[in-house]
Amino acid sequence: MTKQPGDSPAAEPVQASPDADEAGPEHPDAAVDSLAASTPSTLGRADLLAPGAPALGLLALGWLAAMLWSTRAAIDSAAAGITAISLSAFALPGVISAALIAGTAFALFGADLLAHRGRDRATLRFVAAVASGLLIGLAAAFAINLTYADTATTNVIAGTTAAAAIIGGGIAATRTAPVIGAVVAAGLGTLVFVVAFSRARSPLFDLFGAGETQESLLSAAKWVSRTESLLAGLVAGMVAFGYLTWARRRAARRSDPFTLRWPAYLIAGAGPGLLLLVAEVVLRIGGRRLLDLAGALSEADAVAQTSLGTSRVDNGIWVLFVGALTAMIAFGRTLGPAPVDEDDPDGE
């Protein structure tokens, strides 16, 4: 058909653009790109990966091995019988906390490997995480039975250590892996700080007025414990915030659509305190026999075990709230002001 003089341009037939369904066979590359952009599995897996998971696993395993070795050395150097039972009850909380974090860190590494391979189904992730914690627990229990002296408390230490590692594996089964990685990193930092802080206890006792009377000693011990808990909470919150900041920047460099909001920082900061409280529950259930044996040695030992249990619970609560508050404040300082519309002179 030819164009006649006076005809309107609108009357000229316009060739229709190819339909979306027709574009697929003619342009297969464009169809594949469109499908990939709309598929959730291609959006990135930053929420399933924890940065530095292998390093966290190795550090946690090393810490657990160090705690088991120091506990064995203390028990072997003590006189057989009463002193060994007392030292075992005193060292068991540290071993349980180390096993809980080691199980979580190793299971997080196993779940990270699954996510890298694209096998991120919830059921498979949970099974792999629990199996990883079970592996760490069995290895720790075997090492305890193999290297510790054959006493009535050896099986108690081995059983509670294995249970703590399995529970840690279950904790690592969550799909928000960076938050669990932050909890592991902050938990390790808190445990290392507590051990390092023990060297400053004597000067702090003198600073808080510890004298020869029992009242002054109890008052100084209370303030030393509160100072330790406060500083441990600050360490937990700052380490958790630093880890999540690293995870967010790492995801941004890899162009992964991954954002962290304030609940992630709140949970990560409170995580070390929660782990300490979970470890106390495991201790009071699995290690009840050892605690009862230690408390039955004398009236002073019974009072000491009660006082230590109360102090551990208070410490966990302090670390929980101070860590959560510290991480939240640190996150809040990174937020900029709300954008103001330039067309609105009042900024409303």
Side-chain angles (χ1 to χ4, degrees), residues 55-78 86-106 136 140 143-144 147-148 157 160-161 164-165 168 182-208 220-240 242-243 269 271-280 282-283 287 304-305 307-320 322-323 326:
L56 287 177
L58 290 176
L59 289 174
L61 290 177
W63 183 257
L64 175 59
M67 293 301 298
L68 292 176
W69 178 84
S70 62
T71 301
R72 184 190 65 83
I75 294 175
D76 291 345
S77 63
S86 180
L87 286 176
S88 299
F90 179 77
L92 186 57
V95 174
I96 292 177
S97 299
L100 185 64
I101 292 181
T104 305
F106 191 77
I136 295 298
I144 291 172
T147 60
Y148 281 39
I157 298 175
T160 51
T161 302
V183 171
V184 171
L188 279 173
T190 302
L191 294 181
V192 173
F193 169 79
V194 169
V195 173
F197 184 83
S198 61
R199 298 181 177 272
R201 286 180 178 272
S202 297
L204 285 178
F205 265 95
D206 297 334
L207 178 64
F208 289 124
K222 179 180 67 176
W223 283 107
V224 169
S225 178
R226 289 180 178 178
T227 302
E228 177 184 356
S229 301
L230 176 62
L231 294 177
L234 290 174
V235 170
M238 293 307 299
V239 173
Y243 183 92
L274 290 173
L275 289 181
L276 291 176
L277 294 177
V278 171
E280 183 65 21
V282 175
L283 172 65
Q305 289 299 324
S307 177
L308 288 174
T310 303
S311 177
R312 288 192 299 267
V313 173
D314 292 342
N315 178 63
I317 294 175
W318 273 82
V319 172
L320 189 154
V322 175
T326 301

Worksheet entry | Val235 vs Phe197, side chain to side chain contact (heavy atoms under 4.5 Å, CB included): CA-CA, chis, key distance, verdict | CA-CA 12 Å; Val235 170; Phe197 184 83; over 6 Å; no
Worksheet entry | CA sep, side-chain torsions, deciding dist, call: Leu231, Leu234, side chain to side chain contact (heavy atoms under 4.5 Å, CB included) | CA-CA 5 Å; Leu231 294 177; Leu234 290 174; 4.2 Å; yes
Between [atom1] of [X] and [atom2] of [Y], what distance do you get to the nearest 0.5 Å?
X	Y	atom1	atom2	value
Leu276	Asn315	CG	CG	6.0 Å
Leu308	Leu283	CG	CG	10.5 Å
Leu204	Thr227	CG	OG1	6.5 Å
Ile136	Thr161	CD1	OG1	12.5 Å
Leu64	Leu59	CG	CG	12.5 Å
Arg72	Ile144	CZ	CD1	11.5 Å

Fill in: For Thr326, side-chain hydrogen bond (donor to acceptor under 3.5 Å, both in side chains) partners two or more places apart
none
Worksheet entry | Pairing residues for Glu280 by the side-chain hydrogen bond (donor to acceptor under 3.5 Å, both in side chains) criterion, not counting sequence neighbours | Arg284, Arg312
So, for [X] and [Y], which heavy atoms are closest and what is the spacing to 0.1 Å?
X	Y	value
Ala164	Ala99	CB-CB, 4.0 Å
Gly287	Leu92	CA-CD2, 4.3 Å
Val319	Ala232	CG2-CB, 4.0 Å

Discussion item. Checking the side chain of Tyr148 only, and the main-chain atoms of Leu68 only, is there a donor and an acceptor separated by less than 3.5 Å?
Written reply: yes
Worksheet item: Does Pro93 offer a backbone N or O that forms a donor-acceptor pair with the side chain of Ser97 under 3.5 Å?
Response: yes
Is the shortest side-chain heavy-atom distance between [X] and [Y] below 4.5 Å?
X	Y	answer
Ile157	Ser88	yes
Phe106	Val184	no
Thr104	Val183	no

Worksheet item: What's the verdict on side chain to side chain contact (heavy atoms under 4.5 Å, CB included) for Val278 and Leu100, showing C-alpha distance, side-chain angles and the deciding distance?
Response: CA-CA 9 Å; Val278 171; Leu100 185 64; 4.1 Å; yes
Worksheet item: Just wondering, more than 12 heavy atoms not from Phe90 lying within 6.0 Å of its CZ?
Response: no
Practice prompt. Could you give me the CA-CA distance, side-chain angles and deciding distance for Trp63 and Val192, then say whether side chain to side chain contact (heavy atoms under 4.5 Å, CB included) is met?
Written response: CA-CA 9 Å; Trp63 183 257; Val192 173; 3.7 Å; yes
